[in-house]
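Just so you know, ligand 1 is whichever comes first in the structure, and atom 1 is the first atom listed for that ligand. These figures come from a predicted structure and were not determined experimentally. FYI, the numbering just counts along the sequence from 1.
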Amino acid sequence: MSNLLQLVRGCTFDDFLFNPQYSVVERRDPTAIDLSCQLSTRLRLRRPIVSANMDTITRAEMAIAIAEEGGIGIIDRGFRSGDIEPQVREVERVKRRQHGIVRDPYTIRADAPLAEAASTMQRTGVGTLVVVDESRRLTGLLTTRDLRFADHARTVADRMTPRDRLVVREGAIEAAAAEEAMRTHKVKKLPLVDDQGRLLGLVTAKDLIKQKRLPFATRDDHGRLRVGAAIGAKGDYLERAAELLRADADVIVIDIAHGHSAVMGRAIDAFRAKFGDVELIAGNVATAEGVQFLIDRGVNGIKVGIGPGGGCTTRLNTNFGVPQVEALVTCREASGGRVPLIADGGIKRDGAIAQALLFGGDTVMLGSVLAGTIETPGDTVQKPVVIPESHKTVKVPFKVFRGMASLQAIVDRLDVEDAESADVEALGAEGTEISVPARGSVRPVVRDMLKHLCSAISYGGAGSLSELQEMFRRDPSRYAIRLSESARRESFDR
Ligand code: XMP
């Protein structure tokens with residue numbers, strides 16, 4: 001057993017500090033310090049942040065914000081069994097939010113009435129329609145400006161900019177070349193066609209500007225934001241995966257409470273048989289045997305964490321689990337870096353992100369620290385709160401945060417409003433539901449985390465995240481200080 005493993009036995013984040021080292025960075029600045037990391041064997045992120053697949057944390061809005069900030073969101077599977085479409089729609093919303101080149105722009109025929117164009121624009125929120133003929137050959141462009149003051153009974157042909165007045169490119173094009181063409185010709189839209197004049201795609205200046213404004217965003221080869229989606233290991237999981245992949249989800253996460261199980265083994269085998277080499281993350285596990293089990297089945301990423309989650313009562317209810325730092329060190333030693341690990345759960349303060357990434361995680365998955373932000377799903381409710389000093393009652397906005405195995409989450413998923421209460425209790429909840437104060441956007445929360453991570457890299461004497469991880473793993477004893485109870489109080493009680 002390694003020295004580090006002996007040191008961290010029975011320990012979690014608040015049991016350690018790290019020894020400061022001679023600092024070499026000039027600025028603790030996330031735009032200057034490399035924070036890139038592997039989410040899974042083939043997916044790289046520029047920031048090691050993953051938003052948890054929980055129904056009170058990650059739907060499209062959160063996934064968009066996190067991907068734009070350089071991480072990735074995993075859309076939860078907390079939709080009713082058999083009800084696959086709502087989860088697919090969330091994935092589609094993320095994939096449609098930003099483009100480099102729009103591969104499937106919305107189109108319309110030249111003989112369609114303008115009223116139809118107006119309603120398509122309103123329904124899709126898109127301001128440009130590409131006009132094509134029955135063979136999908138480009139015949140013009142129609143924008144919201146063309147509809148202004150127009151008689152909606154007229155046809156698209158009457159108002160569109162026809163093909164011969166457009167700047168058009170034949171074949172594929174890189175973003176830089178598209179930008180150059182737009183600048184030269186002073187146009188904001190650049191349709192792409194094949195040698196027969198058939199529509200291949202559309203580049204818009206707006207998308208290119210957005211790409212420049214968000215240089216760290218996590219994008220696929222087409223310039224769209226990346227997003228993951230969770231499935232279970234039973235029931236509709238294969239059908240759900242098929243639909244999610246059809247919507248271009250970038251990675252599937254088979255997420256069950258106990259990933260080192262016969263159920264998981266069967267699910268991975270069936271998944272691989274049906275979808276081949278698709279990028280697949282599985283979990284959760286917290287032991288060397290669990291990691292080896294998943295690696296043997298060919299997963300591309302592993303979620304580590306049994307019971308550390310903020311909304312989780314597994315340890316209270318079953319007494320099973322592994323303190324998260326011990327779990328991360330154990331799983332890292334077992335994986336030997338063959339498959340990236342996601343440190344999932346238990347992160348309550350920004351300093352613990354650095355710990356999770358040094359003790360074993362390649363990325364961190366966050367739930368409760370993102371709760372209450374604008375991008376989380378769910379309504380804001382006003383609750384009366386008594387101010388202790390004045391004994392006055394004021395209304396404070398709250399949002400719900402709950403474990404995915406909480407009774408209410410299970411009931412919602414199963415659609416069992418009418419079930420007997422004894423039946424519902426027999427479901428065996430392993431999660432809690434709490435109200436958290438509603439707050440602003442998640443973006444400053446993530447940016448602060450990244451700044452703090454850069455500070456940790458500076459204190460650690462490294463120039464990048466991967467360098468700090470290498471230095472720590474080469475000689476953990478140089479860094480890790482196990483805390484006494486009073487040292488813990490001095491460090492974290494505030
Ligand atoms: P944090 O601490 O960031 O953890 O809120 C998020 C992770 O908690 C896990 N999770 C659960 N675990 N019962 C559990 O045992 C639950 O009801 C539950 N809900 C979420 C999950 O791994 C998530 O990513």
Under a heavy-atom criterion of less than 4.0 Å, does D344 contact ligand 1? yes

Using non-hydrogen atoms of the residue, decide whether G305 is closer than 4.0 angstrom to ligand 1. no

Which residue holds the protein heavy atom closest to [atom], what is that atom called, and what is the gap in Å?
| atom | result |
| --- | --- |
| atom 20 (C) of ligand 1 | M54 CE, 3.3 Å |
| atom 5 (O) of ligand 1 | S368 N, 2.8 Å |
| atom 3 (O) of ligand 1 | G367 N, 2.7 Å |
| atom 1 (P) of ligand 1 | G310 N, 3.4 Å |
| atom 8 (O) of ligand 1 | G309 CA, 3.5 Å |
| atom 13 (N) of ligand 1 | E430 O, 2.7 Å |

Please determine if V369 has a nitrogen or oxygen closer than 3.5 Å to a nitrogen or oxygen of ligand 1. no

Do any N/O atoms on T314 end up under 3.5 angstrom from N/O atoms on ligand 1? yes

Using a distance-only test with no angle check, is there a side-chain donor-acceptor pair under 3.5 angstrom linking [X] and [Y]?
| X | Y | answer |
| --- | --- | --- |
| R338 | Q292 | yes |
| T376 | K399 | yes |
| R77 | Q87 | no |

Suppose we screen for side chain to side chain contact (heavy atoms under 4.5 Å, CB included). Which residues come up paired with E68, at least two apart in sequence or across chains? I64, R97, Q98, K210, L214, L225, R443

State which residues pass side chain to side chain contact (heavy atoms under 4.5 Å, CB included) with C312; sequence neighbours excluded, sorted by chain then number. T314

Distance under 4.0 Å to a non-hydrogen atom of A52: what atoms of ligand 1 satisfy this? 24 (O)

Where ligand 1 meets M404 - atom numbers and elements under 4.0 angstrom, heavy-atom basis: 16 (C), 17 (O), 18 (C), 19 (N), 20 (C)

Stepwise salt bridge (charged side-chain N to carboxylate O under 4.0 Å, His left out) test for R402 and D55: CA-CA 8 Å; R402 64 190 186 187; D55 66 357; 2.5 Å; yes

F401 contact mode with ligand 1 (heavy-atom cut-off under 4.0 Å): side chain

Only residue of R482, R349, R489, R488 satisfying salt bridge (Lys or Arg N to Asp or Glu O under 4.0 Å) with D14 is R349

Of G283, A257, C312, the one whose closest heavy atom lies nearest atom 11 (C) of ligand 1 is C312

Result of checking H222, R226, R224 against D248 for side chain to side chain donor-acceptor pair (under 3.5 Å): R224

From CA spacing to verdict: ring-ring contact (aromatic ring centres under 6.0 Å, His included), F271, Y237: CA-CA 9 Å; F271 184 94; Y237 73 105; 8.1 Å; no

